[in-house]
Amino acid sequence: MEAVKQMTNWDVEKIRKDFPVLSQTVNGQPLVYLDNGASSQVPQSVIDRTSKYLAEEHSNIHRGVHYLSQHATTAYEAAREKVKRFINAPDVKECIFVRGTTEGVNLVAFSYGRKFIGEGDEILVSQMEHHSNIIPWQMIAEEKGATIRVIPMNERGELIIDEYENMLNERTKMVAVTHVSNSLGTVNPVKEMIATAHKFGVPVCVDAAQSVPHFPVDVQDLDCDFFIFSGHKMFGPTGSGVMYGKRKWLDQMPPYQTGGGMIRTVSFEKTTFAPIPDKFEAGTPAIAAGIGLGAAIDYINAIDFEAAAAYEHELLEYATERLGDIPEVKIIGTAAEKASVLSFTIEGIHPHDIGTILDQQGIAIRAGHHCAQPVMEFYDVPATARASFAFYNTKEEVDKLADAVQKVIEVFA
Ligand code: C6P
């Protein structure tokens with residue numbers, strides 16, 4: 001609690017004014033939006049930039065010689081440059097626009113997998129992966145006769161790194177691991193995991209859907225081979241996302257989807273493909289969403305993101321303390337390193353009932369398996385209630401959450 005009081009360098013009330021959605025009432029109560037892990041809210045600057053594109057610049061890109069097309073192309077490619085700087089990619093061409101993390105992982109699994117994974121090979125995924133970072137690997141493993149092996153975790157929801165190290169061998173062809181768990185909030189030591197995998201020559205695909213909205217990232221420092229995230233979880237629009245990949249892989253990988261915009265030459269006999277990034281961007285992309293993602297990066301750059309991360313961390317600690325003080329509440333996911341996610345259960349009350357009662361008080365949380373059924377199985381629960389925070393949430397909102405949870409318990413007593 002003390003820590004939150006000391007947060008002098010983060011003016012949350014000023015920040016909140018940037019997000020129009022936050023000032024509404026829901027079910028007669030001021031909205032308390034604690035479902036940022038599903039989708040974060042969008043600042044006015046992103047709304048304005050996207051509207052401007054639709055109102056004044058809308059046109060197909062990379063295809064026209066006319067003014068609008070060139071203008072839209074410039075704006076879209078400027079967004080790609082922003083992505084490059086945001087994640088510190090060495091080359092803008094290594095930043096492939098996708099519709100979101102799901103599409104990005106499918107792209108890597110099927111394209112890398114078709115080229116580099118064979119019979120008897122092994123793919124490591126962790127116990128805490130989102131379904132998006134399990135199923136594509138399962139599909140390619142099935143197609144190729146490869147095996148999925150699971151990096152285990154302990155009761156706190158931390159990966160057991162010793163066991164991970166023992167799992168790597170000459171058959172391992174990929175490590176697919178989440179940077180931050182969406183169901184537990186665990187921040188995984190991906191930099192160390194990548195260094196270990198590289199000792200075996202194994203590439204690592206990092207699911208960064210839940211990390212990029214919460215703290216600065218640097219793909220060169222991590223030395224990851226693939227790094228994938230969604231725009232709609234980092235204050236941008238849905239339909240935007242990024243798959244960063246090292247050129248050494250991308251140049252060798254076959255296209256994932258084919259069609260317009262990704263070719264060099266086409267004849268009925270043979271097609272040759274454009275270099276990256278075009279090779280992986282078939283068809284007309286989500287132009288407005290991509291430009292909006294660029295604006296979201298501008299927004300993050302304009303605030304003090306390090307201070308935002310520190311504030312959010314203190315908020316999470318405060319929420320953990322408040323909910324932890326309620327004897328009936330069991331917190332799921334107690335890793336030493338956590339970011340912005342608080343999953344919990346209450347004995348005898350289904351998380352959907354918790355979510356519904358909280359909604360009646362204007363509090364938005366997520367209840368369910370969070371597309372992480374193996375995590376639910378690990379803890380032997382059907383679902384959890386999950387509050388997930390962003391830098392515009394407040395200590396007062398955490399208090400409302402804790403009071404509302406207390407009321408839920410009273411209703412069911
Ligand atoms: N998690 C959540 O409420 P998409 O849907 O493609 O933008 O992102 C998929 C995805 C992949 N990895 C992780 C770690 C994620 O958290 C998500 C999305 C949302 O937790 C919706 S299930």
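Since the structure is predicted, the reported quantities are computational estimates derived from the model, not experimental observations. We count ligands from 1, going down the list as the structure has it; atoms in each ligand are counted the same way.
Counting protein heavy atoms only, atom 15 (C) of ligand 1 is closest to H130 CD2, 3.3 Å. In this structure, atom 2 (C) of ligand 1 lies nearest to the protein heavy atom R366 NH1, 3.1 Å. Among all protein heavy atoms, the one lying closest to atom 16 (O) of ligand 1 is Q210 NE2, 2.7 Å. Regarding atom 14 (C) of ligand 1, its nearest protein heavy-atom neighbour is D207 OD2, 3.4 Å.
Remark: ligand 1 atoms within the under-4.0 Å shell around heavy atoms of H232 are 4 (P), 7 (O). Atoms of ligand 1 found under 4.0 Å from any heavy atom of T178, numbered from 1 in the order shown, are 14 (C). Remark: ligand 1 atoms within the under-4.0 Å shell around heavy atoms of N182 are 1 (N), 2 (C), 16 (O), 20 (O). Taking a cut-off of under 4.0 Å to the non-hydrogen atoms of G37, the atoms of ligand 1 that pass are 2 (C), 3 (O), 19 (C), 20 (O). Within the listing of ligand 1, atoms 22 (S) sit less than 4.0 angstrom from a heavy atom of C371.
A donor-acceptor distance shorter than 3.5 angstrom exists from the side chain of E281 to the backbone of F97, with no hydrogens or angles considered. Within the 3.5 Å criterion, the main-chain N or O of G355 finds no donor-acceptor partner in the side chain of D359. Side chain of S40 to main chain of K233: a donor-acceptor pair is present (N/O by atom type, distance under 3.5 Å, no hydrogens or angles). A donor-acceptor pair under 3.5 Å links the side-chain atoms of Y53 to the main chain of S59, judged by distance alone. Within the 3.5 Å criterion, the main-chain N or O of Y33 finds a donor-acceptor partner in the side chain of N393. The main-chain N or O of V190 is never found under 3.5 Å from a side-chain atom of N188 such that the two would form a donor-acceptor pair.
Judged by the shortest distance from any of its heavy atoms, H179 lies outside the 4.0 Å radius around the atoms of ligand 1. Ligand 1 does not have H131 within reach: every non-hydrogen atom of the residue lies 4.0 Å or more from it.
Checked against a 3.5 angstrom limit, the closest N/O atoms of S132 and ligand 1 fall outside it. The shortest N/O to N/O separation between E103 and ligand 1 does not fall below 3.5 Å.
Of the N and O atoms on the side chains of D223 and H198, at least one donor lies less than 3.5 Å from an acceptor on the other residue. In this structure, a donor-acceptor pair under 3.5 Å is present between the side chains of S126 and E129.
With sequence neighbours excluded, the residues that form a side-chain hydrogen bond (donor to acceptor under 3.5 Å, both in side chains) with T101 are S230.
The proximity of T102 to ligand 1, defined as any non-hydrogen pair under 4.0 Å, involves the side chain as well as the backbone. Looking at A38 against ligand 1, both its backbone and its side chain come within 4.0 Å, counting heavy atoms.
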Show, in sequence, the C-alpha distance, side-chain angles and deciding distance for Y311 and F389, and conclude whether the ring-ring contact (aromatic ring centres under 6.0 Å, His included) test is met.
CA-CA 10 Å; Y311 170 81; F389 305 97; 9.9 Å; no

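For atom 19 (C) of ligand 1, the nearest non-hydrogen atom from the set M128, H370, K233 belongs to K233.
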